[in-house]
Student: 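Just dropping this structure here.
Quantities reported herein were computed from a predicted structural model and do not represent experimental measurements.
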Amino acid sequence: MRTKVAIIGAGPAGLLLGQLLHTYGVDNLILERHTGEYVLDRIRAGLLEEGTVALLDEVGAGSRAHAEGLVHEGIELAFGGRRHRVDLKGATGKTVTIYGQTEVTLDLMNARRDAGLASIYEAADVTPLDFDTDHPRVSYVKDGATHEIACDFIAGCDGFHGISRASVKPSAIETFERIYPFGWLGILSDTPPVSHELIYSNHPRGFALCTMRSARRSRYYVQCPLEDHIDQWPDDRFWDELKRRLDDEAAGKLVTGPSIEKSIAPLRSFVAEPMRFGRMFLAGDAAHIVPPTGAKGLNLAASDAHYLARAFREYYDESSSAGIDHYSEKALSRVWKAVRFSWWMTSMLHKFPDTGTFGARIQLAELDYVTHSNAATTSLAENYVGLPY
Ligand code: RFL
Ligand code: PHB
């Protein structure tokens, strides 16, 4: 089998890259380790930048995000027992859209199926080969038989634990990492959201976030110790803890109900440099991870897919290597700014075990400043809605 671009991973990065390449007339094939149902079952991101929605539109997969997504013009920061609104639209002219990663993935999978493009799910032992030569290949095992795909390029869109980055020789890659000393316990419940905008809460008991998937489905998170197990968090304990971390008005209005999903995620900042190794390119979580406090992970996967698809288009349409030569530098410049913003939001909003009362007072001063200085509000808003491509 032969294709121009062999894409490893059918998460948002791989699926969006595949559709963009198809739109640009570049044939591609996706290899995914799991089933489509498994990929769709993972409850993850919920917030899309305007640029991400525009990319869905570009590939003809944006109509449901427009019809069903909730457009938000602001967020609320809660601290010191009160909530303070950040007017994103007023500060930047831009909005964000609440639309779950599950739905984005489903829309892209449907677009791919409708275009009749090849995806191989349940591909085992996927291995990128010879990417430091002009003739890269990818091998995989399906139904017990080994297959090989010859290609011009490999796109490693296989997430943080994927095989692509792991296939690079250690001397060719430099990594930067910060692991945070806490996790996020998240639940999904079919209850109306406590507020029509997101609430990010800094509280002496720890961080909490109120978000949503629709007018009838809520998503809530509380900061928890890394060692905790979900068995220690029956629904009642979760709701009780969440209420204690909200202001009185929100706590009083919170509608509780049974959880339909519950999970704990560790928080990490991670960047691998460069994002190109010969004829293999990394995109999305395969190259970088951010803590979810800035809602940037999925949006960075989308901007990487955009840069990479444009680079391949330039290569095939204009016989120019300039785009692929600059991909890593261009993508990393945007990535590092989102890594900085996500780290900053995380640092300002969480309870840290080692910074004590001094650190807590500094956080309150920063939150007060951010919500009362036009310059600081605009800086937060500009990063939150997404920096330009
Ligand atoms: P994914 O989604 O991990 O997809 C990678 C795919 O590759 C497959 N794969 C392989 N396939 C073949 N062979 C192999 N050897 C393979 N190894 C792996 C996997 O099965 C999978 O299907 O990476 P991608 O596409 O880069 O997308 C990244 C996003 O999923 C991620 O950044 C976001 O979910 C992060 N994130 C958020 N991002 C936002 O932009 N806004 C948010 O509001 C937001 N909230 C979140 C989040 C992540 C969270 N968790 C659980 C980490 C909230 C949470 C709680
Ligand atoms: C979500 O809706 O799951 C979500 C929203 C904003 C974040 C993180 C997660 O910062």
Student: Please confirm whether the ring centroid of Phe281 lies under 6.0 Å from the ring centroid of Phe312.
Tutor: yes

Student: Got a second to check how far Glu73's CD is from Glu197's CD, nearest 0.5 Å?
Tutor: 8.0 Å

Student: Determine whether Leu129 and Ser139 make a side-chain contact, defined as any pair of heavy atoms from C-beta on separated by less than 4.5 Å.
Tutor: yes

Student: I'd like to check Ile98 versus Met212 (side-chain heavy atoms, cut-off strictly below 4.5 Å). Are they in contact?
Tutor: yes

Student: Please check if the distance between the ring centroids of His84 and Phe79 is under 6.0 Å.
Tutor: yes

Student: Determine whether Leu226 and Pro181 make a side-chain contact, defined as any pair of heavy atoms from C-beta on separated by less than 4.5 Å.
Tutor: no

Student: I need the minimum non-hydrogen distance between Ala10 and Leu15, along with the two atoms involved.
Tutor: O-CD1, 3.3 Å

Student: What pair of heavy atoms forms the shortest contact from Thr3 to Asp27, and how long is it?
Tutor: OG1-OD2, 3.0 Å

Student: For a quick test of your reading: what N or O donor-acceptor pairs under 3.5 Å do the side chains of residues 381-389 make, sequence neighbours left out?
Tutor:
{"residue": "Asn383", "atom": "ND2", "partner": "Ser379", "partner atom": "O", "Å": "2.8"}
{"residue": "Tyr384", "atom": "OH", "partner": "Tyr200", "partner atom": "OH", "Å": "2.7"}

Student: Are the side chains of Val96 and Leu198 in contact, using a 4.5 Å heavy-atom criterion?
Tutor: no

Student: Under 4.5 Å between any side-chain heavy atoms of Arg85 and Asp87, yes or no?
Tutor: yes

Student: Dump the intermediate steps for side-chain hydrogen bond (donor to acceptor under 3.5 Å, both in side chains) on Tyr24 and Glu58, then the final yes or no.
Tutor: CA-CA 11 Å; Tyr24 303 159; Glu58 186 179 350; 2.6 Å; yes

Student: Between the side chains of Asp248 and Arg83, is the shortest nitrogen-to-carboxylate-oxygen separation below 4.0 Å, so that they form an ion pair?
Tutor: no

Student: Is the closest basic N to carboxylate O distance between Asp130 and Arg137 below 4.0 Å?
Tutor: yes

Student: Report the C-alpha distance between Leu242 and Leu254 in whole Å, list the side-chain angles of each, state the deciding distance to 0.1 Å, and finish with yes or no for side-chain contact (heavy atoms from CB on, under 4.5 Å).
Tutor: CA-CA 9 Å; Leu242 177 62; Leu254 184 74; 3.9 Å; yes

Student: Between Glu32 and Arg112, is the closest basic N to carboxylate O distance under 4.0 Å?
Tutor: no

Student: In Å and rounded to the nearest 0.5 Å, what is the OG to CD1 distance from Ser189 to Ile260?
Tutor: 7.0 Å

Student: When the ring planes of Tyr221 and Trp184 are compared, do they come out parallel, tilted or perpendicular, using 30° and 60° as the limits?
Tutor: tilted

Student: Does the ring of Phe160 carry Arg165 above it, NZ/CZ under 6.0 angstrom from centre and within 45° of its axis?
Tutor: yes

Student: Measuring from atom CZ of Arg245 to atom CG of Asp240, what distance do you get when rounded to the nearest 0.5 angstrom?
Tutor: 10.5 Å

Student: Only counting residues at least two apart or in another chain, list the ones meeting ring-ring contact (aromatic ring centres under 6.0 Å, His included) with Phe176.
Tutor: Trp336

Student: Looking only at heavy atoms, what is the nearest atom pair of Ala251 and Leu246, with distance?
Tutor: N-CB, 4.1 Å

Student: Distance check, rounded to the nearest 0.5 Å: Arg244 atom CZ versus His203 atom NE2?
Tutor: 8.5 Å

Student: Please determine whether residues Ile264 and Val290 belong to a single hydrophobic cluster, defined as Ile, Leu, Val, Met, Phe, Trp and Tyr linked transitively by side-chain heavy-atom distances below 4.5 Å.
Tutor: no

Student: According to ring-ring contact (aromatic ring centres under 6.0 Å, His included), who are the partners of Phe277, at least two apart in sequence or on a separate chain?
Tutor: none

Student: Is Arg279 salt-bridged to Asp152, going by a charged N under 4.0 Å from an acidic O?
Tutor: no

Student: Rounded to the nearest 0.5 Å, how far apart are CG of Asp304 and CG of Asn299?
Tutor: 11.0 Å

Student: Which distance, rounded to the nearest 0.5 Å, do you find between the CD1 of Ile289 and the CZ of Arg268?
Tutor: 7.0 Å

Student: Does a side chain donor of either Arg310 or Tyr327 reach within less than 3.5 Å of an acceptor in the other side chain?
Tutor: no

Student: Between the side chains of Lys262 and Asp235, is the shortest nitrogen-to-carboxylate-oxygen separation below 4.0 Å, so that they form an ion pair?
Tutor: yes

Student: Taking the side chain as C-beta and beyond, is there a heavy-atom pair between Thr256 and Phe238 under 4.5 Å?
Tutor: no

Student: Given the ring of Tyr316, does Lys4 sit roughly above its face, with NZ or CZ under 6.0 Å from the centre of the six-membered ring and within 45° of the axis?
Tutor: yes

Student: So Glu241 and Trp233, do their side chains get closer than 4.5 Å, heavy atoms only?
Tutor: yes

Student: With hydrophobic residues grouped by side-chain heavy-atom distances under 4.5 Å, do Ile8 and Met275 end up in a single group?
Tutor: no

Student: In terms of relative ring orientation, are Phe352 and His350 parallel, tilted or perpendicular, with 30° and 60° separating the classes?
Tutor: perpendicular

Student: Would you check if Gln101 and Pro12 make a side-chain contact, meaning some heavy-atom pair closer than 4.5 Å?
Tutor: yes

Student: Would you please indicate if the ring centroids of Tyr315 and Phe153 are separated by under 6.0 Å?
Tutor: yes

